[in-house]
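I have placed the structure first, in the form of structure tokens, so that the comments after it can refer back to it.
Predicted model, so just to flag it, every value in this text is computed and none were measured. Letters A, B, ... mirror the listed sequences (proteins, then strands); counts begin at 1.
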Protein chains: 2
Amino acid sequence: MIQLWVIEDHPEMRQAYYELINSAEDMRCAYSFSNCEDAIQELSTGHHPDIILLDIGLPGMNGIEGITVMKSIAPMVKIIIQTVYEDSDKIFRAICAGAIGYILKQSSSEKILEAIRETEAGGSPISARIAVKVLSIFSKFHIPENNYGLTAREKEILHLLVEGFTNVQISKKIFLSPHTVGTHIKNIYSKLQVHSRSEMVAKALKENLI
Amino acid sequence: MIQLWVIEDHPEMRQAYYELINSAEDMRCAYSFSNCEDAIQELSTGHHPDIILLDIGLPGMNGIEGITVMKSIAPMVKIIIQTVYEDSDKIFRAICAGAIGYILKQSSSEKILEAIRETEAGGSPISARIAVKVLSIFSKFHIPENNYGLTAREKEILHLLVEGFTNVQISKKIFLSPHTVGTHIKNIYSKLQVHSRSEMVAKALKENLI
DNA sequence: CAAGAAATACCGCAAACGCGGTATTTACTC
DNA sequence: GAGTAAATACCGCGTTTGCGGTATTTCTTG
């Protein structure tokens, strides 16, 4: 029996979700709240459900803050977000805050029940239209295979440089003379077109050369 | 009418997908290939479908390379990946390469058809179990508001340090004595618990202190 | 106002770095 | 087998850093 709570400010919607969930024989909605604050108070008493169905765009404390607080009180609780918004930034923040599912409000009753079951089974239900946004955020992290023509040895040394080792420490670590390490670093500098370790480390991390 | 191609190395599976798609009255599978190379050759002639259903884990050219090549020939083609793997790294690479959907091979026929329709409608169908991995990659970008108690001045200097300026350059830029800059850096070091610029820059970038 | 935090400034010295060289050995390619 | 790229090693010198101090001024806050 999957235990659920619903947080939703529209009374009719709240009632609709409550009834939908309780109509399924494998799940039960114990409480429905009109805002995050009430749910947090109830969580504080030690009770907690398996899954919380959360409407984003609530009055008072916003949904994303709510997720953060609820996850800090009851980290095991899985939060499925329901939204009318398809704003990339909101989605990104919600995911970072720890939401596990993200479905559109116009989803059908079957989709909602399915999403709950998928969540219970360890999955992350995400509406296709939301997923587009999620993937588009991802593609920004696309790595433009810019090796700058670094050789294997240079990459190895770059790794150690990023970890903050000095030339001498590196030379001992990879059994080279400190002079050789210096030469490699000189070459890395000229390939990356930088003139200091800080710049190099910054470039390596920003462009995922590590 | 949604035009599809299928790329799948198992003959029975290939045939099954082919028939499944053609059994739906709103879509049509024109070609089915056993490998990416053949599909790429056909793409090169100028023909292309709306959507390609691609099996990942193909012989010869691997699926991810395949996506990259196909997207370069026909950028408008939407690629849905089918996989048995749930490997985060593979998923990440496929998304970066430009795949738009990601569904598990054990998905039901209805789910597959639904995924195709969602893709055509501009969505990104992602199986709940795959989405878990996607979101877990995301949560790594979670910013743990860890200021380490840095003051505004220290943050300002940290910014400049990450950009690779020397103490003297910084002192000129913000109208301070080089000694003062040195003092601030000493303090930053002790707050971040690092002992070199490289370490500091790495920590600042990795933990989004910048 | 008194206390404390932050920002400012200065000193000195050992260690490390940045960069200009040169040169040999190894390995892969044509 | 000649040619090239990579990895290796060494030198020297001026600059920069890292870190141990101390100390004054400003700002905030109880």
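Here C/dA15 presents its P atom at 14 Å from CD of A/Gln169, a figure rounded to the nearest Å. Atom-to-atom, CE of A/Met200 to P of D/dT16 comes out at 18 Å; the value is rounded to the nearest Å. The interatomic distance linking A/Tyr148 (OH) with D/dA6 (P) rounds to 17 Å, in whole Å. In this structure, CG of A/Leu161 is placed 9 Å from P of C/dC17, rounded to the nearest angstrom. Atom-to-atom, CZ of A/Phe165 to P of C/dA16 comes out at 14 Å; the value is rounded to the nearest Å. Going from atom CG of A/Leu192 over to atom C1' of C/dG18 covers 15 Å, rounded to whole Å. If you measure from atom NE2 of A/His195 to atom C1' of D/dT16, you get 16 Å, rounded to the nearest angstrom. Here C/dG18 presents its P atom at 10 Å from CD of A/Glu199, a figure rounded to the nearest Å.
Axis deviation across the helix from C/dC1-D/dG30 to C/dC30-D/dG1 amounts to 60°, comparing end segments of five pairs, rounded to 10 degrees.
The side chain to side chain contact (heavy atoms under 4.5 Å, CB included) check on B/Ala74 picks up B/Leu43, B/His48, B/Val77, with sequence neighbours excluded. For A/Lys172, the side chain to side chain contact (heavy atoms under 4.5 Å, CB included) test picks out A/Val168, with sequence neighbours left out. Considering only residues two or more places apart in sequence or on other chains, A/Phe33 meets the ring-ring contact (aromatic ring centres under 6.0 Å, His included) condition with A/Trp5, A/Tyr31. With sequence neighbours left out, the side chain to side chain contact (heavy atoms under 4.5 Å, CB included) criterion links A/Lys78 to A/Ile51, A/Ile100, A/Thr119. Legend: residues meeting side chain to side chain contact (heavy atoms under 4.5 Å, CB included) with A/Gln106, ordered by chain and number and at least two apart, are A/Leu104, A/Arg129. Taking B/Tyr189 as the reference, nothing meets the side chain to side chain donor-acceptor pair (under 3.5 Å) condition, with sequence neighbours excluded.
Between B/Glu65 and B/Lys71, none of the side-chain N atoms (NZ, or NE/NH1/NH2) sits under 4.0 Å from a carboxylate O, so this pair counts as no salt bridge.
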Using a 4.0 Å cut-off on protein heavy atoms (strictly under), produce a 5'-to-3' string for nucleotides 24-30 of chain C with B for base contact, S for backbone-only sugar-phosphate contact, and - for none.
-------
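A donor-acceptor contact shorter than 3.5 Å is absent between the side chain of B/Thr45 and the backbone of B/Gln41.
Taken residue by residue, residues 172-191 of chain B places heavy atoms nearer than 4.0 Å to DNA chain D at B/Lys186, B/Tyr189.
Among residues at least two apart or in separate chains, salt bridge (Lys or Arg N to Asp or Glu O under 4.0 Å) pairs with a member in residues 182-196 of chain B are B/Glu154-B/Lys191. A salt bridge (Lys or Arg N to Asp or Glu O under 4.0 Å) check over residues 95-105 of chain A, counting only residues at least two apart or in different chains, returns the pairs A/Glu8-A/Lys105, A/Asp55-A/Lys105. The salt bridge (Lys or Arg N to Asp or Glu O under 4.0 Å) analysis of residues 155-168 of chain B, with sequence neighbours excluded, yields the pairs B/Arg153-B/Glu156.
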